[in-house]
Amino acid sequence: MAAFSTKPMLLFVTFTAILSLCLVLSLAEFQRFLQPTKADGSISFLVVGDWGRRGGYNQSQVAQQMGIIGDKLDIDFVISTGDNFYDDGLTGVDDPAFDESFSNIYTAPSLQRQWYTVLGNHDYRGDVLAQLSPILRKLDSRWLCLRSFIVDAEIVEFFFVDTTPFSDKYFTNPKDEVYDWRGVLPRDQYLSNLLKELDLALKESTAKWKIVVGHHTIRSAGNHGNTVELVAQLLPILQANNVDFYINGHDHCLEHISSPDSALQFLTSGGGSKAWKGDIDWWNPTEMKFYYDGQGFMSVQITQAGVDIAFYDISGRVLHKWGTNKQLYSTI
């Protein structure tokens with residue numbers, strides 16, 4: 001009797017194992033990072049977006065004021081809402097733009113903290129994997145950029161979401177732009193998994209405050225306006241899971257819009273460099289709390305008692321302040 005060969009079976013098992021691993025990876029939970037709070041349980045941070053222009057368009061002035069306010073508030077980290085490098089992202093991990101637009105600009109002692117960063121549409125026009133590479137973290141330890149991830153800071157959880165693949169126009173009408181979709185295609189599966197993972201993570205969260213961060217607008221009176229794909233696909237998940245704030249960039253302005261049917265607040269911090277003066281479509285005044293068509297940034301302070309936000313211009317002047325409180329434990 002001929003000896004029985006196990007090679008076909010081994011090949012089948014190996015292929016099955018690889019296929020199963022790929023499926024697990026595609027459905028994996030968002031990577032989670034722990035962010036320590038201060039001794040009293042509070043945290044404070046700055047938010048800046050749409051900044052990477054080698055110091056131009058007042059980027060350096062914004063960075064200077066961020067350093068001053070960051071020191072005053074004793075910030076714990078910085079959030080970047082994307083479009084980190086103009087006009088077309090990075091060409092690779094050795095692109096000098098990383099130093100010229102990031103490391104050499106945000107030099108203040110108070111800004112030598114972790115930077116939690118999402119990708120914007122301009123970042124997808126370059127080598128998108130470069131910004132995600134751990135090599136950049138070795139070049140500057142502050143840099144942490146992933147597609148979608150979670151930052152757990154005890155009383156608050158931050159859910160960072162990769163919003164660029166949601167926008168149809170980048171796929172159907174890219175014009176002369178070339179986008180790097182490695183890691184995103186097939187798009188429908190990528191978006192389906194992302195939304196399922198986000199919904200599950202939000203449902204499982206026991207944090208007092210829930211904040212979602214993305215590059216693209218959901219509600220905005222700026223140049224880009226509402227992102228219809230996010231209104232249709234992402235907003236219902238945020239509302240169903242009682243998210244407190246959606247923070248974004250994309251529109252080159254500073255903006256605060258309240259939600260008419262929930263406690264959700266829409267906060268735009270996209271004034272890190274080039275701004276669009278006078279480019280505004282005025283909103284319902286009962287919902288639009290603030291709009292500024294110039295450069296600047298935002299601060300957020302979170303304590304056991306509540307949340308306080310403030311927007312600043314390039315001179316460090318406070319343009320808008322807003323706060324809210326929430327009981328830590330239910331009385332029911």
Side-chain angles (χ1 to χ4, degrees), residues 44-51 57-59 61-63 65-66 68-70 72-73 75 78-83 118 120 156 158 163 209-227 230-231 235 238-239 243-303 305-326:
S44 59
F45 58 94
L46 303 181
V47 184
V48 66
D50 304 82
W51 41 266
Y57 294 96
N58 289 331
Q59 183 193 0
Q61 288 88 330
V62 172
Q65 292 302 324
M66 286 174 63
I68 294 170
I69 301 300
K72 186 181 300 183
L73 299 181
I75 62 167
V78 178
I79 287 176
S80 169
T81 57
D83 277 2
V118 292
V156 55
F158 300 85
T163 60
W209 304 96
K210 299 177 185 180
I211 298 176
V212 174
V213 180
H215 175 66
H216 289 72
T217 59
I218 291 182
R219 303 288 191 198
S220 176
N223 175 273
H224 292 297
N226 297 353
T227 304
L230 295 184
V231 172
L235 180 57
L238 306 192
Q239 292 174 324
V243 170
D244 299 286
F245 302 97
Y246 177 73
I247 299 176
N248 62 273
H250 199 42
D251 268 339
H252 295 191
C253 62
L254 305 175
E255 181 177 26
H256 174 199
I257 293 177
S258 64
S259 177
D261 47 14
S262 73
L264 179 60
Q265 306 293 313
F266 302 96
L267 306 172
T268 298
S269 184
S273 58
K274 187 177 183 179
W276 299 324
K277 193 72 174 176
D279 198 346
I280 177 175
D281 182 12
W282 287 106
W283 204 273
N284 183 334
T286 62
E287 298 175 28
M288 174 162 278
K289 305 302 182 185
F290 166 71
Y291 189 96
Y292 177 65
D293 55 351
Q295 293 102 345
F297 59 99
M298 180 176 72
S299 72
V300 182
Q301 296 174 278
I302 304 179
T303 68
V307 176
D308 291 293
I309 66 169
F311 290 88
Y312 308 82
D313 65 12
I314 60 171
S315 66
R317 180 169 59 105
V318 176
L319 302 173
H320 172 68
K321 297 182 75 172
W322 184 86
T324 186
N325 295 285
K326 185 194 298 185

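We count residues from 1, following the sequence as given.
- Atom CH2 in Trp276 sits 8.0 Å away from atom SG in Cys253 (nearest 0.5 Å).
- Using modelled atom types, one side-chain atom of Ser273 and one backbone atom of Asp50 make a donor-acceptor pair closer than 3.5 Å.
- Taking the centre of each ring, Tyr292 and Phe311 stay at or above the 6.0 Å mark.
- The side-chain heavy atoms of Thr268 and Leu254, taken from C-beta on, include no pair separated by under 4.5 Å.
- Under the 4.5 Å side-chain criterion, counting only non-hydrogen atoms from C-beta, Val300 is in contact with Val307.
- When every heavy atom of Asp308 is checked against every heavy atom of Gly323, the shortest pair comes out as OD1-CA, 3.6 Å.
- Although no hydrogens or angles enter the test, the distance criterion places a donor-acceptor pair under 3.5 Å between the side chain of His252 and the main chain of Lys274.
- The two residues Asn226 and Val231 have their closest heavy-atom pair at CB-CG2, 4.3 Å.
- One N or O on the side chain of Gln59 and one on the backbone of Trp51 form a donor-acceptor pair closer than 3.5 Å.
- Taking the six-membered ring where tryptophan is involved, the planes of His250 and His216 are tilted, since the angle between them lies from 30° to 60°.
- Between Gly214 and Val118 the shortest heavy-atom distance is C-CG2, 4.3 Å.
- Atom CG of Leu230 and atom NE2 of His215 lie 10.5 Å apart (nearest 0.5 Å).
- Here CD1 of Ile302 is found 9.5 Å from OG of Ser44. Values are rounded to the nearest 0.5 Å.
- Between Ile314 atom CD1 and Met66 atom CE the span is 14.0 Å, to the nearest 0.5 Å.
- Taking CG of Leu264 as the start and OG of Ser258 as the end, the distance is 9.5 Å to the nearest 0.5 Å.
- For the side-chain contact (heavy atoms from CB on, under 4.5 Å) test with Phe45, the passing option among Leu73, Val78, Ile79 is Ile79; the others fail.
- Counting heavy atoms from C-beta on, the side chains of Val47 and Ile247 come closer than 4.5 Å.
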### Message
What verdict does the side chain to side chain contact (heavy atoms under 4.5 Å, CB included) test give for Leu238 and Val212, after you've listed the backbone C-alpha separation in whole Å, the side-chain angles of each residue and the deciding distance to 0.1 Å?
### Response
CA-CA 8 Å; Leu238 306 192; Val212 174; 3.6 Å; yes

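- Under the rule for a side chain to side chain contact (heavy atoms under 4.5 Å, CB included), the partners of Asp244 that lie at least two apart in sequence or sit in another chain are Trp209, Lys210, Lys326.
- Interatomic distance, CG of Asp279 versus NE2 of His224, reported as 9.0 Å (0.5 Å rounding).
- Checking side-chain atoms of Gln295 against main-chain N and O of Tyr57 turns up a donor-acceptor pair under 3.5 Å.
- Ring-plane geometry between Phe245 and Trp322 is classed as perpendicular, the angle between the planes exceeding 60 degrees on a 0 to 90 degree scale with a lower cut at 30.
- Judged by distance alone, the side chain of Thr227 and the main-chain N or O of Thr217 form a donor-acceptor pair under 3.5 Å.
- Here His256 and Trp283 keep their ring centres 6.0 angstrom or further from each other.
- In this structure a side-chain-to-backbone donor-acceptor pair under 3.5 Å is present from Lys289 to Thr286.
- Formation of a donor-acceptor pair under 3.5 Å by the Asp281 side chain with backbone atoms of Asn223 is not found in this model.
- Checked by atom type and distance alone, the side chain of Thr303 pairs as donor or acceptor with a backbone atom of Ala305 at under 3.5 Å.
- When every heavy atom of Ser299 is checked against every heavy atom of Tyr312, the shortest pair comes out as OG-OH, 2.9 Å.
- In terms of modelled atom types and a separation under 3.5 Å, the side chain of Asp313 and the main chain of Gly296 share no donor-acceptor contact.
- The main-chain N or O of Gln265 is never found under 3.5 Å from a side-chain atom of Ser259 such that the two would form a donor-acceptor pair.
- Between Gln65 and Gly316, the shortest heavy-atom distance links the atoms OE1-CA, 3.3 Å.
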